[in-house]
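To start, the structure under review is shown below, and the notes come after it.
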Number of protein chains: 2
Amino acid sequence: MKIRNTRQRQLILDAVKSLHAKHPTAEEIYSHIESVNPGIGRATVYRNLSFLSEAGHILKIETPIPPDRFDDTLAPHYHMQCRVCGEICDADIEYMRDIESRVKPTDGFIIESHDITFKGICRKCHENIVREDNAE
Amino acid sequence: MKIRNTRQRQLILDAVKSLHAKHPTAEEIYSHIESVNPGIGRATVYRNLSFLSEAGHILKIETPIPPDRFDDTLAPHYHMQCRVCGEICDADIEYMRDIESRVKPTDGFIIESHDITFKGICRKCHENIVREDNAE
DNA sequence: ATACATGCAAACACTTTGCAGCACA
DNA sequence: TGTGCTGCAAAGTGTTTGCATGTAT
């Protein structure tokens with residue numbers, strides 16, 4: 001199993017990096033590439049996103065509201081997700097290295113990692129709701 | 001909008017309560033009811049699970065690995081999910097009431113709640129992996 | 001009586017897979 | 001020059017929706 005550096009794989013890694021702030025979905029990555037590079041297949045994007053996250057080159061973020069999103073920031077950190085639009089952004093809070101060891105052993109479950117997701121509403125969606133309420 | 005107490009709605013709430021320890025998926029709730037009460041529709045189960053969780057009678061747990069699961073424990077608490085079988089169980093750790101206020105304000109995002117998911121491997125799946133490794 | 005709820009099937013959103021041809025090492 | 005990778009389409013999984021009918025109040 002010799003790994004190859006295909007043009008597509010590189011394009012996908014570049015796209016995740018350049019869409020960094022967006023925490024892009026697979027579809028966003030696909031259409032970002034497709035606009036400049038028509039002909040790439042969606043399956044190739046999905047396959048490579050899995051490959052790259054399993055290889056530790058990018059991070060797959062499994063959020064409460066699908067679809068999954070991808071991040072090129074490898075340092076562990078937490079996210080906030082808007083319950084209206086589903087957009088996510090980084091949460092400005094220190095990473096809790098000790099929290100896993102504070103869980104009391106249960107049924108032989110071995111903890112390997114943890115995620116914290118703050119749920120709420122982003123400024124844009126909040127403004128829209130206020131606007132709609134005033135319109136009534 | 002007058003809410004009705006249908007037989008199906010009651011069956012679904014009862015099923016969530018009786019499958020409590022399993023943290024059942026919609027499909028598990030459906031087949032639990034269907035085995036005793038053939039004819040119930042899947043859509044009815046999905047619709048009522050949404051309804052009941054929005055009304056605050058049950059809790060919808062959005063886990064990293066789908067499908068969603070449901071819980072009749074209303075007190076906020078955290079979960080552990082096995083990366084192999086996807087089963088979830090409660091994490092024995094105190095609920096952190098102050099954590100949301102420790103996130104520094106970012107872009108006007110309003111935090112309303114938070115979730116912590118511990119990811120790892122359950123005893124059963126861990127034993128299976130050890131067994132497979134020995135078989136090689 | 002009436003309008004909310006149901007059951008069915010189809011649609012939907014997201015992701016994975018099978019396969020023939022392609023291209024990187 | 002072989003085999004890992006691609007693009008396409010189809011299938012798979014989980015959930016929602018449209019609609020005619022049923023039923024709780």
Side-chain angles (χ1 to χ4, degrees), chain A residues 1-16 22-55 57-58 60-70 81 83-88, chain B residues 1-16 22-55 57-58 60-70 81 83-88:
Chain A
M1 179 69 174
K2 200 176 290 174
I3 287 149
R4 276 178 205 179
N5 259 327
T6 60
R7 207 174 57 83
Q8 290 87 337
R9 183 163 293 164
Q10 191 58 52
L11 285 169
I12 289 159
L13 184 54
D14 291 348
V16 175
K22 269 197 175 69
H23 295 84
T25 63
E27 185 61 29
E28 284 164 351
I29 292 160
Y30 166 74
S31 50
H32 179 84
I33 297 172
E34 211 273 338
S35 68
V36 178
N37 225 291
I40 193 165
R42 238 186 275 283
T44 302
V45 173
Y46 277 97
R47 270 189 293 240
N48 275 296
L49 289 171
S50 291
F51 173 87
L52 290 167
S53 61
E54 266 156 44
H57 294 114
I58 61 174
K60 180 182 191 170
I61 313 171
E62 293 154 321
T63 51
I65 304 169
D68 289 338
R69 288 153 181 280
F70 297 86
Q81 185 170 38
R83 67 171 152 80
V84 178
C85 67
E87 293 289 299
I88 84 157
Chain B
M1 178 71 173
K2 200 175 292 174
I3 286 147
R4 276 179 206 180
N5 260 327
T6 61
R7 209 174 56 84
Q8 290 87 337
R9 183 163 292 164
Q10 192 58 52
L11 284 169
I12 289 161
L13 184 54
D14 291 348
V16 175
K22 269 197 175 69
H23 294 85
T25 63
E27 185 62 29
E28 284 164 352
I29 292 160
Y30 167 73
S31 51
H32 178 85
I33 297 172
E34 210 274 338
S35 68
V36 178
N37 225 291
I40 192 164
R42 244 195 252 324
T44 301
V45 173
Y46 276 97
R47 269 188 293 240
N48 274 296
L49 289 171
S50 291
F51 173 87
L52 289 167
S53 62
E54 266 156 44
H57 295 114
I58 60 174
K60 180 182 192 171
I61 314 170
E62 294 153 321
T63 51
I65 304 169
D68 289 338
R69 288 154 180 281
F70 297 86
Q81 184 170 38
R83 67 171 152 82
V84 178
C85 66
E87 294 288 299
I88 85 158

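Throughout, a chain's letter reflects where its sequence line sits, starting with A, and its residues are numbered from 1.
- When rounded to the nearest whole Å, the span between CD of A:E28 and P of C:dC14 equals 10 Å.
- In the set D:dG7, C:dG7, C:dT16, the nucleotide with an atom closest to the side chain of B:T44 is C:dG7.
- Between the side chain of B:T63 and the backbone N or O of B:P66 there is no donor-acceptor pair closer than 3.5 Å.
- For the salt bridge (Lys or Arg N to Asp or Glu O under 4.0 Å) test with A:E27, the passing option among A:R69, A:R42, A:K22 is A:R42; the others fail.
- Counting non-hydrogen atoms under 4.0 angstrom, B:R7 reaches nothing in the nucleic acid.
- Closest contact between the side chain of A:D68 and the listed nucleotides C:dT15, C:dT16, D:dC5 involves C:dT15.
- Side-chain N or O atoms of A:N48 include one that pairs as donor or acceptor with a backbone N or O of A:T44 at under 3.5 Å.
- Shown here for B:E62 and B:D68, the closest heavy-atom pair between the two residues is CA-OD1, 3.5 Å.
- Side-chain atoms of A:Q81 come within 3.5 Å of backbone atoms of A:G86 as a donor-acceptor pair (strictly under, hydrogens ignored).
- Checked by distance alone, A:R47 brings no side-chain donor or acceptor within 3.5 Å of a matching partner on the base of D:dG4.
- If you measure from atom CD of B:E34 to atom P of C:dG7, you get 11 Å, rounded to the nearest angstrom.
- Relative to the side chain of B:A26, the nucleotides D:dC5, D:dT15, C:dT17 differ in distance, and D:dT15 lies closest.
- Applying the 3.5 Å distance criterion, the base of D:dG14 shares no donor-acceptor pair with the side chain of B:R42.
- If you take CD1 of A:I33 and P of D:dT6, they are 11 Å apart, rounded to a whole angstrom.
- Spacing between atom OH of B:Y30 and atom P of C:dG7 amounts to 9 Å, rounded to whole angstrom units.
- Shortest non-hydrogen contact noted between A:V45 and A:A26 is CG1-O, 3.8 Å.
- The side chain of A:S50 lies closest to C:dT16, out of D:dG7, C:dT16, C:dG7.
- Without hydrogens or angle criteria, B:T25 side chain to B:E28 main chain gives a donor-acceptor distance under 3.5 Å.
- Protein atom CD1 of A:I3 is 17 Å distant from nucleotide atom C1' of C:dA23, rounded to whole Å.
- For B:Q8 and D:dA24, the shortest distance from a side-chain N or O to OP1 or OP2 is not below 4.0 Å.
- If you measure from atom CG of B:N5 to atom P of C:dT6, you get 10 Å, rounded to the nearest angstrom.
- Nearest heavy atoms, B:G41 versus B:Y30: C-CE1, 4.0 Å.
- In the set D:dT15, C:dT16, C:dT15, C:dT15 carries the atom at the smallest distance from any side-chain atom of A:P67.
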Under 3.5 Å, which protein N or O atoms sit close to an N or O of nucleotides 20-23 of chain D? Give each pair with its distance.
from   : atom 1 : to   : atom 2 : distance (Å)
D:dT23 : O2     : B:R4 : NH1    : 3.2

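- The shortest distance between the side-chain N/O atoms of A:T6 and the OP1/OP2 oxygens of D:dT6 is below 4.0 Å.
- The nearest heavy atom of DNA chain D to B:T25 and to A:I12 marks one nucleotide each, and the one closer to the 5' end goes with A:I12.
- The distance between atom CD of B:E54 and atom C1' of C:dA5, rounded to the nearest whole Å, is 16 Å.
- Rounded to an integer number of Å, the gap from B:L49 CG to D:dT16 C1' is 13 Å.
- Of the candidates D:dT16, D:dT6, C:dA5, D:dT6 carries the atom nearest the A:N48 side chain, counting heavy atoms from C-beta on.
- Here the side chain of A:Y46 is nearest to one of C:dT15, D:dC8, C:dA25, namely C:dT15.
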